[in-house]
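Taking it in order: structure first as structure tokens, then the write-up.
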Amino acid sequence: MIYLDHAATTPVKPPVLEAMLPYFTEYYGNPSSVYKLAQRNKKTLDDARAVVARHLGAEPKEIFFTSGGTEADNWAIKGIAAALKEKGNHIITTNIEHHAVLHPCQHLEKLGFDVTYLEVDGDGLVTPEQVEQAIRAETILISIMYANNEIGTIMPIAEIGTVARAHGVVFHTDAVQAVGHLPIDVKAENIDLLSLSGHKFYGPKGIGALYVRRGVKLPSFLHGGGQERGKRPGTENVPGIVGLATAIDLAYQDLAVKTARIKTLRDYLIDRIFERIPYCRLNGHRHQRLANNVNFSFDFVEGESLLLLLDIEGIAASSGSACTSGSLDPSHVLLALGLPHEQAHGSIRFTLGEDNTQAELDLVLDKLPVFVERMRSMSPLYEDFVQKNS
Ligand SMILES: *Cc1c(COP(=O)(O)O)cnc(C)c1O
């Protein structure tokens, strides 16, 4: 199989699994208990928290473990809304956020909050000026993703952080696609809250974290015991947390070297697709994009059908976010770029990983033009189009 869907999830790396395994069977103590077996795990949690903090430029006390990116996003957004509702009811976000941000915002709208969904440009970017112009006296939160999961566009986060800080507005970023892939420094970038998820950088699923800058008052998301300093109760997922810390450490090892290699493969794939397939469009910013993201729209092609043909050849890709594929609605991200419905439906995303090779991409490049041509040959619209343009 050729796996090219690393933005959806990644396999757990063997050293990550190895680090986790003893915590299922041998070191199973509840970190809240008093005996040695348990206290050992309390130390393990402290160490893991320090590792995650170090890679973000945060302090250990600012890291709270969650069940993943979705929970971290929900906690940040609903938590700030609840904490600051006396101060104001206005939230600023973008129209290309992950559903883990958009849906909490829509939920808050039903409760009387006013949400501005900034419109991205054709590359998927918002500008710091757009953010600044949207700020009102009632604005309590700005939530803008670090990098987009569908098109890979990287937002000007540090610049937006500067604007948010200057106006005294809390700034949250969904960095689920960025952590482990881009260098991040929450202090230098003026980030108040940051969501991350283990399974997007070769860690396990069901574990993530929320960075909460010291001084930002965020109420508990769940109510229960005293774990995570009472803010996120529930017996800690010790194996998951160990896996997350091991994975983030590995991800930031030789990051520049790995990124350069993947970027070369990405550009190889992009350039060859442009060479071999007419009437296509690269979605997302050409350069300000994640090193592993390739997202194309092919005119007169149905993305879902293309996926199935690729799947038969053992090639795993995506036609959008895993949450929206399976439904017939075109991706909200692609529509936000200004793509007409047909083009949004004719899109496919390849997201590369550390183990992909050029030989694998060559196989994809052998098949893809054939499949696109086959689908186009069945389209009466394409026939008309070619006649008019020849
Ligand atoms: C995957 C993803 C999430 C959700 O994270 P989970 O850990 O799967 O809940 C949120 N935001 C973005 C940008 C993502 O890519």
Side-chain angles (χ1 to χ4, degrees), residues 3-12 16 52 63-78 93-107 117 120 124-126 143-155 157 160 172-182 184 191 193-211 221-222 232 234 237 239-241 243-245 247-248 251 283-285 289-295 316-326 331-334 336 349-353:
Y3 185 73
L4 293 170
D5 202 16
H6 292 82
T9 196
T10 56
V12 170
V16 173
V52 174
I63 303 298
F64 295 87
F65 293 113
T66 66
S67 68
T70 300
E71 183 187 321
D73 285 341
N74 271 263
W75 185 12
I77 293 164
K78 294 178 193 165
T93 186
T94 79
N95 59 356
I96 63 164
E97 297 297 313
H98 191 274
H99 286 143
V101 166
L102 286 180
H103 290 168
C105 285
Q106 287 162 9
H107 171 74
Y117 299 91
V120 298
L125 285 170
V126 292
S143 178
I144 294 181
M145 69 198 320
Y146 210 111
N148 184 270
N149 48 300
E150 292 189 38
I151 56 172
T153 297
I154 301 168
M155 294 288 192
I157 288 300
I160 294 169
H172 166 251
T173 184
D174 173 345
V176 172
Q177 290 290 334
V179 171
H181 301 273
L182 297 170
I184 291 177
I191 296 166
L193 301 156
L194 176 145
S195 307
L196 64 92
S197 175
H199 74 102
K200 304 291 175 79
F201 50 87
Y202 302 94
K205 295 166 183 59
I207 187 73
L210 183 65
Y211 152 78
F221 187 56
L222 298 171
R232 203 291 186 181
N237 176 359
I241 290 167
L244 178 76
I248 200 170
N283 297 311
H285 196 278
R289 77 188 294 134
L290 291 170
N292 74 345
N293 179 290
V294 177
N295 186 316
S318 160
S319 65
S321 77
C323 329
T324 41
S325 53
S331 144
H332 68 284
V333 175
L334 298 174
R349 178 188 74 181
F350 299 105
T351 42
L352 284 59

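Every number for a ligand or one of its atoms is a count from 1 in the order of the listing. Position 1 is the first residue of the sequence; numbering continues from there.
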Check your understanding: Donor-acceptor pair, Tyr211 side chain versus Ile191 backbone, under 3.5 Å?
Key -> yes

Check your understanding: Under 3.5 Å, side chain of Asn293 to main-chain N/O of Glu150, donor-acceptor pair present?
Key -> yes

Review point. In order of chain and number, which residues sit within 4.0 Å of ligand 1 by heavy atom?
Key: Gly68, Gly69, Thr70, Asp73, His98, Met145, Asn149, Asp174, Val176, Gln177, Ser197, His199, Lys200

Exercise for review: Taking atom types as modelled, find out whether Ser195 and His172 have a side-chain donor-acceptor pair closer than 3.5 angstrom.
Suggested key: yes

Practice item. Answer yes if the side chains of Thr10 and Lys200 hold a donor-acceptor pair under 3.5 Å, and no otherwise. Key: no

Check your understanding: Sub-3.5 Å donor-acceptor pair from the side chain of His6 to the main-chain atoms of Thr351, do we have one?
Key -> yes

**Study point:** CG-CG distance between Leu193 and Asp174, expressed to the nearest 0.5 angstrom
**Key:** 12.0 Å

